Amino acid sequence: METSAVEEFERQRSRLFGMAYRMLGSAHEAEDVVHDAFLRWDGAKRDAVGSPPAWLTKVVTNLCLNRLTSARVRRERYVGPWLPEPILTTDGALGPLETAEQRDSVSMALLVLLERLTPTERAVFVLREAFAYSHREIAEILNLSEANCRQLHRRAREHVGTRGSRFDADPRQRFELVQRFLAAARDGDLPSLERLLAEDVTSRADGGGQVGMARRPILGRDRVARYLAGGFTKIPPGVITLEPAEVNGAAAAVFRVDGVVAGVVVLEVADERVVALSILANPAKLTFLAKQLSQN
């Protein structure tokens, strides 16, 4: 492949990965899609490619659509709650996340809601909401009519519902909150945990049947606080370490066992209270995050 063609693809790589991840909710599948797109780019006739970004967007979108159908079948058989693969978002892996709206586009909560959509609805939603493509452009990408794309987008928004910003704007406040959360959880300090949790807080844990985790969501401040305190206090001191991080645009805590990444807790925050927790401990979903952390 010509050097200029490789350079062109590399300029698009981050955007393509962020697009594939939002459509699939899986970092390793997004990497596979980007790799497959590169192979197709390598074999493409340059004079037939009018706009490389548009051509690559169409290829990646269609590759994601092919994977989403089989992914839905796999997730119907998934043991316990399914959560997206966590991604460290301080290294630009998913593109700029400078505003609450940009962070929300990769949030655990939104990616879980996107599971309600058909593959085509999800593609339309991501292209429109996260990448600001026009309905005409989306129609060209998906080989659909513009009217059909408008209808699919409207239907997708109805399924997902209206979500206001649920992130504290000040990163320093989010960092301080996760520090207090970690200290209270480690100490089994129920009163402090309860003060940090919203009354209707929800906790979802994804162990994928590989790690012993709650297989149903836990609802309510008292139950979530006891669940967290009980889980952390069972671990012998010194075996586990916890560190704050930004994961999927939100405040989070990464925990390691004997130095190995063993899980992550992502906190969704509103009005200085934790309104939702996503706990990921399925080893298959921690590989990408562990690789990111090792490179920092």
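Everything numeric in this text was worked out from a predicted model, so none of it was measured.
- A donor-acceptor pair under 3.5 Å is absent between the side-chain atoms of Lys58 and the main chain of Asn143, judged by distance alone.
- Counting heavy atoms from C-beta on, the side chains of Glu31 and Phe288 come closer than 4.5 Å.
- With contacts defined as side-chain heavy-atom distances shorter than 4.5 Å, the pair Val247/Leu280 does not qualify.
- Side-chain contact check for Asn248 versus Leu111: some heavy-atom pair is nearer than 4.5 Å.
- Taken from CD in Glu10 to CG in Leu16, the straight-line distance is 10.0 Å, to the nearest 0.5 Å.
- Every pair tested for side chain to side chain donor-acceptor pair (under 3.5 Å) that includes a residue from residues 210-222 fails, sequence neighbours excluded, so the list is empty.
- Among all heavy-atom pairs drawn from Val211 and Pro283, the shortest one is CG2-CD, 3.9 Å.
- Here the closest non-hydrogen pair linking Ser192 and Ala184 is CB-CB, 3.8 Å.
- Note on Met23: it clusters hydrophobically with Ile141, by side-chain heavy-atom contacts below 4.5 Å among ILVMFWY residues.
- Shown here is Arg204, whose CZ atom has no more than 12 heavy atoms of other residues, nucleotides or ligands within 6.0 Å.
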Quick one, Asp32 with His35, criterion side-chain contact (heavy atoms from CB on, under 4.5 Å). Give me CA distance, side-chain angles, the key distance, then yes/no. CA-CA 5 Å; Asp32 288 346; His35 176 70; 5.6 Å; no

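- Looking at Leu94 and Phe17, their side chains come closer than 4.5 Å, going by heavy atoms from C-beta outward.
- With Tyr21 contributing its side chain and Glu85 its backbone, the two residues share a donor-acceptor pair below 3.5 Å.
- Put simply, the side chain of Lys285 does not reach to within 4.5 Å of the side chain of Pro84, judged on heavy atoms.
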Between Glu129 and Arg157, does the salt bridge (charged side-chain N to carboxylate O under 4.0 Å, His left out) criterion hold? Intermediate values first, please. CA-CA 10 Å; Glu129 297 289 326; Arg157 286 183 62 87; 2.9 Å; yes

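- Counting only heavy atoms from C-beta outward, the side chains of Trp55 and Gln12 never approach each other to under 4.5 Å.
- The environment of CZ in Arg226 is sparse: at most 12 heavy-atom neighbours from other residues, nucleotides or ligands sit within 6.0 Å.
- Cluster annotation: Leu182 is not connected to Leu190 through the hydrophobic network of ILVMFWY side chains, with a link wherever side-chain heavy atoms come within less than 4.5 Å.
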Arg155 and Glu158: salt bridge (charged side-chain N to carboxylate O under 4.0 Å, His left out), yes or no, with the steps? CA-CA 5 Å; Arg155 190 184 306 155; Glu158 289 172 355; over 6 Å; no

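- Ring geometry, Phe125 versus His153: the interplanar angle falls from 30° to 60°, so the pair is classed tilted.
- In the hydrophobic cluster analysis, where Ile, Leu, Val, Met, Phe, Trp and Tyr join through side-chain heavy atoms closer than 4.5 angstrom, Ile279 is grouped apart from Leu286.
- Among Thr57, Ile138, Val126, the one residue that satisfies the side-chain contact (heavy atoms from CB on, under 4.5 Å) test with Phe131 is Val126.
- For the residue pair Ala123 and Thr61, the shortest heavy atom distance occurs at CB-CG2, 4.1 Å.
- Considering CE of Met19 and CG of Leu56, their distance stands at 9.5 Å, rounded to 0.5 Å.
- Evaluation of the side-chain hydrogen bond (donor to acceptor under 3.5 Å, both in side chains) rule for Arg150 yields Glu146 as partners, not counting sequence neighbours.
- Between the side chain of Trp41 and the backbone N or O of Pro52 there is no donor-acceptor pair closer than 3.5 Å.
- To the nearest 0.5 Å, atoms CG (Asp36) and CZ (Arg67) are separated by 6.0 Å.
- Within the 4.5 Å cutoff, the side chain of Val160 has heavy atoms near those of the Leu114 side chain.
- At least one donor-acceptor pair closer than 3.5 Å links the side chain of Ser294 to the backbone N or O of Lys291.
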Stepwise side-chain contact (heavy atoms from CB on, under 4.5 Å) check, Arg122 with Arg22: CA-CA 9 Å; Arg122 185 163 183 162; Arg22 286 169 173 86; over 6 Å; no

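- The distance from the CZ atom of Arg273 to the CG atom of Leu197 is 9.0 Å, given to the nearest 0.5 Å.
- Between the side chain of Asp42 and the backbone N or O of Phe38, no donor-acceptor pair lies under 3.5 Å.
- A salt bridge links Glu243 with Arg256: the distance from a Lys NZ or Arg NE/NH1/NH2 to an Asp or Glu carboxylate oxygen falls below 4.0 Å.
- Here Glu29 contributes atom CD and Cys64 contributes atom SG; the two are 8.5 Å apart, rounded to the nearest 0.5 Å.
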Walk me through whether Leu277 and Phe181 qualify under side-chain contact (heavy atoms from CB on, under 4.5 Å). CA-CA 11 Å; Leu277 297 101; Phe181 172 84; 3.5 Å; yes

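- What you find for Ser105 and Leu110 is that their closest heavy atoms are CA-CD2, 3.8 Å.
- Judged by distance alone, the side chains of Gln151 and Arg154 never bring a donor and an acceptor atom under 3.5 Å apart.
- A single hydrophobic cluster is not seen to contain both Val34 and Leu289; linkage of ILVMFWY side chains at heavy-atom distances under 4.5 Å, directly or through other members, places them apart.
- Within the 4.5 Å cutoff, no side-chain heavy atoms of Leu142 are placed close to those of Leu152.
- Rounding to the nearest 0.5 Å gives a distance of 11.0 Å between CG of Leu63 and CG of Leu68.
- The hydrophobic cluster containing Val112 does not contain Ile87, counting ILVMFWY residues as joined when their side-chain heavy atoms lie under 4.5 angstrom apart, directly or transitively.
- The number of heavy atoms from other shown groups lying within 6.0 Å of CD (Glu199) does not exceed 12.
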Would you check, one step at a time, whether the test side-chain contact (heavy atoms from CB on, under 4.5 Å) holds for Val254 with Leu88? CA-CA 10 Å; Val254 175; Leu88 198 69; 5.6 Å; no

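- Between Met108 and Pro86, the shortest heavy-atom contact is CE-CA, 3.7 Å.
- Scanning all heavy atoms of the two residues, the minimum distance from Val49 to Ala44 falls at CG2-CB, 4.4 Å.
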